[in-house]
Amino acid sequence: MSETRSDGELLRAVAADADRRAFEELYRRYAPWLTARLRGRCADPGVVDDVVQETFLAVWRGGARYREDGDVAGWLWRIGSRRLIDALRGDGARGRLRQALARLRHRDEASAEDRVLAGVEHGDLAGALVRLSPELRAVLQATVVDGLTTREAAVLLGIPPGTVKTRAMRARRQLREALA
């Protein structure tokens with residue numbers, strides 16, 4: 001009976017020795033979780049499966065470097081979400097945002113997200129999004145499209161939770177003004 005290795009030990013074994021067993025164990029631990037998370041962002045299971053494979057291929061080939069001080073799940077999520085963005089780049093931003101916002105819960109009061117959805121049909125959403133700074137778009141992507149909590153978005157983006165809140169507030173305000 002073998003003892004269970006930590007995530008860090010597995011990653012070191014994969015990076016240093018190309019240890020196939022360590023890689024397989026890491027894959028078994030995280031592939032189902034990553035698949036479930038990515039399916040929250042993309043309804044196409046084929047694209048999601050490809051992205052999961054590309055994510056772990058980057059880990060195996062060493063193209064993705066893990067810093068010992070971080071959370072392995074967060075690190076894998078950053079790789080996977082970037083790979084998914086690359087895979088979806090060919091699709092129209094308006095269609096992706098409409099699909100993501102359609103999954104949001106409806107509230108009694110129109111939220112910024114609901115107003116953005118209305119702007120898809122009545123306003124220049126693509127133009128409004130392009131005018132946002134990359135930092136504000138990244139926070140919207142993480143919190144609105146991905147449905148991450150402030151804390152999860154902070155880990156994903158590598159910024160403090162307070163910065164996530166501030167940027168989300170600024171992005172929503174700018175979108176409301178642009179689509180009004």
Side-chain angles (χ1 to χ4, degrees), residues 1-91 93 96-97 99-101 103-104 129 132-171:
M1 184 171 152
S2 65
E3 77 179 55
T4 303
R5 294 189 274 181
S6 72
D7 294 340
E9 290 170 330
L10 293 174
L11 285 169
R12 281 190 295 279
V14 169
D17 307 323
D19 183 333
R20 187 177 189 92
R21 286 190 178 150
F23 178 76
E24 289 170 354
E25 187 174 340
L26 188 69
Y27 184 87
R28 279 192 304 275
R29 268 184 209 178
Y30 286 102
W33 172 83
L34 184 59
T35 300
R37 290 293 303 270
L38 290 171
R39 284 191 178 148
R41 274 183 78 180
C42 178
D44 185 338
V47 171
V48 170
D49 290 343
D50 288 347
V51 168
V52 170
Q53 297 306 316
E54 289 176 24
T55 299
F56 282 94
L57 187 59
V59 172
W60 176 253
R61 289 183 175 163
R65 300 281 180 225
Y66 174 69
R67 291 189 320 251
E68 299 283 330
D69 60 345
D71 175 50
V72 172
W75 175 71
L76 288 170
W77 173 245
R78 281 190 299 277
I79 297 168
S81 63
R82 288 177 185 147
R83 297 280 194 270
L84 182 61
I85 289 167
D86 290 343
L88 296 176
R89 253 190 200 135
D91 295 342
R96 287 195 313 273
L97 186 58
Q99 179 186 26
L101 293 175
R103 291 191 303 259
L104 293 174
L129 288 171
L132 289 177
S133 69
E135 295 82 12
L136 297 182
R137 278 195 308 269
V139 167
L140 274 185
Q141 175 87 26
T143 59
V144 175
V145 178
D146 297 342
L148 299 179
T149 65
T150 299
R151 185 173 297 203
E152 291 169 331
V155 170
L156 174 67
L157 299 171
I159 58 177
T163 303
V164 170
K165 290 178 184 179
T166 301
R167 288 180 183 174
M169 181 182 64
R170 285 178 44 215

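Just so you know, these numbers use all the heavy atoms, side chains as well, and skip hydrogens, waters and symmetry mates. Sequence positions, counted from 1, serve as the residue numbers for this chain.
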Spacing of CE belonging to M169 relative to NZ belonging to K165, to within rounding of 0.5 Å: 11.0 Å

CG on L57 to CZ on R83, rounded to 0.5 Å: 8.0 Å

Partners meeting side-chain hydrogen bond (donor to acceptor under 3.5 Å, both in side chains) with T163 (sequence neighbours left out): none

Stepwise side chain to side chain contact (heavy atoms under 4.5 Å, CB included) check, R167 with I159: CA-CA 11 Å; R167 288 180 183 174; I159 58 177; 3.5 Å; yes

Spacing of CG belonging to L76 relative to OH belonging to Y27, to within rounding of 0.5 Å: 11.5 Å

Pair L11-V59, side chain to side chain contact (heavy atoms under 4.5 Å, CB included): steps then yes or no: CA-CA 8 Å; L11 285 169; V59 172; 4.0 Å; yes

Check: V51 and R82 side chains under 4.5 Å, non-hydrogen atoms: no

Value rounded to 0.5 Å, distance of CZ in R5 from CG in L26: 10.0 Å

Rounded distance [0.5 Å steps], CH2 in W60 versus CG in D19: 7.5 Å

Residue pairs passing the salt bridge (charged side-chain N to carboxylate O under 4.0 Å, His left out) test where at least one lies in residues 28-38, sequence neighbours excluded: D7-R29, E25-R29

Shortest non-hydrogen separation from A31 to V52 and the atoms involved: CB-CG1, 4.2 Å

Chi angles and distances behind the side chain to side chain contact (heavy atoms under 4.5 Å, CB included) call for R170, T166: CA-CA 6 Å; R170 285 178 44 215; T166 301; 4.2 Å; yes

Closest heavy-atom pair and its distance - P160, A154: C-CB, 4.0 Å

Residue pair I85, R41: steps toward the side chain to side chain contact (heavy atoms under 4.5 Å, CB included) verdict: CA-CA 10 Å; I85 289 167; R41 274 183 78 180; 3.3 Å; yes

Shortest non-hydrogen contact between V48 and C42, atoms and distance: CG2-O, 3.7 Å

Nearest heavy atoms of A142 and A153, plus distance in Å: CB-CB, 3.9 Å

Rounded distance [0.5 Å steps], CZ in F56 versus OH in Y30: 9.0 Å

